[in-house]
Amino acid sequence: MKVLVVGGGGREHAIVKKLKENKTITELYCLPGNGGIARDAVCVSIAATDLDGIVSFAQERKIDYAVVAPDDPLALGAVDRLEAVGVKCFGPRKNAAVIEASKVFAKDLMKRYGIPTARYETFDRLDAALAYLQSAPMPTVIKADGLALGKGVIIAQTLSEAEDAVRSMMADKRFGKSGERIVIEEFLEGPEISVLSFTDGKTIVPMVSSMDHKRAGDGDVGPNTGGMGTVAPNPYYTPDVAKRCMDEIFLPTIRAMAQEGRAFKGCLYFGLMLTKDGPKVIEYNCRFGDPETQVVLPLLESDLLTVMQAVTEERLDECPVRFSDASAACVIMASMGYPGAYEKGFPITIPADLDAEVYIAGAKEKDGCLLTAGGRVLGVTALGKNLPEALDRAYEAVRHVQFDNAYYRRDIGARALAAKEV
Ligand code: AMP
Ligand code: GLY
């Protein structure tokens, strides 16, 4: 079996490592991958958004199965293109990936089908958005409609911050076309929960829950990042909350998508907030989360390829999906300065006997040595019988992974641990 993974970050490294457990895979490729992934799969430098390049490669190498991991190729229709030449895929088609690619689509879907989410208005004219803000309660949340590398959400504390945000998106085109339409929504409060799920469009199987840490600094301060660490399971996701999510959010969402002629097949990610009125959807992603995947997949006991194929073939109802009841923690080691400017090119040392998994996000190989090449450089994931043990192991391992200018948060999991004491 020849398998191809599209993407090149820590999430793709976690997917590649998990797929490798399946011994029927004889050839495993990653496009473009990175210097660290190259130790586990054959990396070929074709960009994840180069659909022509990906399709030609898949045809030349006679790829049997492709996993498209990042949002942009999914939104561009990578799965449709690969399927058109007979390659089976894991990931939604373009018409379903819109659940992430357009926030206006996602919000309108939730409104039409009564799925709990923040109240909102959408705007495609600057003057109308500015007029609406005059009477909007603060803080308020302003979101660019399209994909914006996770940076298209601004929480404005005051009217003037909100006006600046709207102008930067709609007049200055800070996010290009993505900001031509915007959503202005109610500010919600409560702990956040990420739930990734496998769905074949009819059946939905939630994976173990997780908690991301999006802010750069300890204590959840500083700028938003792609994610500085994760823990799983998320203690706020109690059995009661899980049941409410299944009944009020997960099943209604996949039924709504099917009803709209946009059956979603792949990994559907629910970004949830547990408000005092119950769980509400903050965002949908049409893919595995990063760095949620780096704690969720290590806890998956079932074979990943088998589950993915069941999704593709729409027989997820017959496929057991088991997770360990252990805990996992992932600490992201970034380049000092991220998400702003940072230096790169520093050698990375990882001891061979490290008691943890290392997923490489931003590194390249030079003369047999890994050099830092990105903002988020790598994630160190450890498991434990409970969260404190997983966190101790992850932080112990982090002490032994070294590169110049490394920065990481010291408080990953603190909020989850505090929840357990309540
Ligand atoms: P998103 O890119 O949609 O995940 O948003 C990034 C982050 O902004 C989320 O993880 C939340 O922390 C925050 N956020 C988004 N929408 C809201 C909202 N309506 N109320 C409060 N915080 C929000
Ligand atoms: N960790 C959030 C995301 O993948 O979008």
Side-chain angles (χ1 to χ4, degrees), residues 7 9-12 14-15 69-72 74-75 97 99-107 110 116-122 136-157 162 165 169 175 178-179 182-197 207 209-216 220-232 234 236 266-277 279-297 330 332 334 339 359 361 376 379 412 415:
R11 162 185 59 202
E12 287 76 11
I15 292 171
D71 47 0
D72 9 0
L74 289 167
I99 199 165
E100 172 170 4
S102 167
K103 293 211 192 299
V104 173
F105 171 85
K107 295 295 294 190
M110 290 186 267
T117 188
R119 280 193 297 272
Y120 73 102
E121 297 288 335
T122 63
M138 295 296 147
T140 194
V141 183
I142 301 167
K143 301 186 169 183
D145 176 43
L147 298 177
L149 299 169
K151 300 193 177 78
V153 174
I154 294 173
I155 298 176
Q157 301 295 333
M169 289 183 194
F175 304 112
S178 287
I182 63 165
V183 172
I184 300 181
E185 72 176 30
E186 173 197 11
F187 175 75
L188 298 178
E189 282 177 283
E192 289 185 52
I193 306 172
S194 304
V195 179
L196 283 57
S197 67
M207 301 183 218
S209 61
S210 54
M211 185 189 283
D212 194 2
H213 297 70
K214 286 204 167 89
R215 300 298 197 97
D220 294 321
V221 297
N224 255 319
T225 69
M228 294 302 294
T230 37
V231 296
N234 184 324
Y236 289 103
C267 173
L268 183 54
Y269 167 129
F270 299 87
L272 306 167
M273 195 172 270
L274 189 56
T275 72
K276 61 178 184 351
D277 303 321
K280 295 193 178 177
V281 178
I282 289 283
E283 63 164 345
Y284 293 115
N285 290 330
C286 66
R287 50 170 175 87
F288 283 97
D290 188 342
E292 284 88 345
T293 305
Q294 291 91 312
V295 286
V296 169
L297 288 187
C330 173
I332 297 292
Y359 299 116
R376 288 190 296 171
I412 299 304
R415 194 161 180 199

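Computation of the quantities below employed the complete heavy-atom set of this structure, encompassing side-chain atoms and omitting hydrogens, waters and symmetry-equivalent molecules. Numbering of ligands and ligand atoms starts at 1, following listing order. One-based numbering along the sequence shown.
Residues forming a side-chain contact (heavy atoms from CB on, under 4.5 Å) with L188 (at least two apart in sequence, or on another chain): A118, E186, M273, T275, K280, I282. For E192, the side-chain hydrogen bond (donor to acceptor under 3.5 Å, both in side chains) criterion is met by no residue, not counting sequence neighbours. By the side-chain hydrogen bond (donor to acceptor under 3.5 Å, both in side chains) test, S102 pairs with D145, sequence neighbours left out.
The protein heavy-atom contact nearest to atom 2 (C) of ligand 2 is Y269 OH, 3.4 Å.
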Between R11 and Q294, is a side chain to side chain contact (heavy atoms under 4.5 Å, CB included) present by the stated rule, with each step listed? CA-CA 6 Å; R11 162 185 59 202; Q294 291 91 312; 4.3 Å; yes

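Between D212 and ligand 2, a contact under 3.5 Å exists for at least one N or O pair.
A donor-acceptor pair shorter than 3.5 Å can be found between the side chains of E292 and S194.
Proximity of N285 to ligand 2, defined as any heavy-atom pair under 4.0 Å, is confined to the side chain (atoms from C-beta onward).
For the pair T293 and I15, the minimum side-chain heavy-atom distance is below 4.5 Å. In this structure, the side chains of R376 and D290 come closer than 4.5 Å at one or more pairs of heavy atoms.
Ligand 1 lies under 4.0 Å from heavy atoms of K103, A118, V141, K143, V153, I155, E185, E186, F187, L188, E192, K214, M273, I282, E283.
Taking only non-hydrogen atoms, the option from E292, E100, R287 nearest to atom 5 (O) of ligand 2 is R287.
Set against the non-hydrogen atoms of G289, the atoms of ligand 2 under 4.0 Å away are 4 (O).
Checked against a 6.0 Å centroid threshold, the rings of Y284 and F270 count as neighbours.
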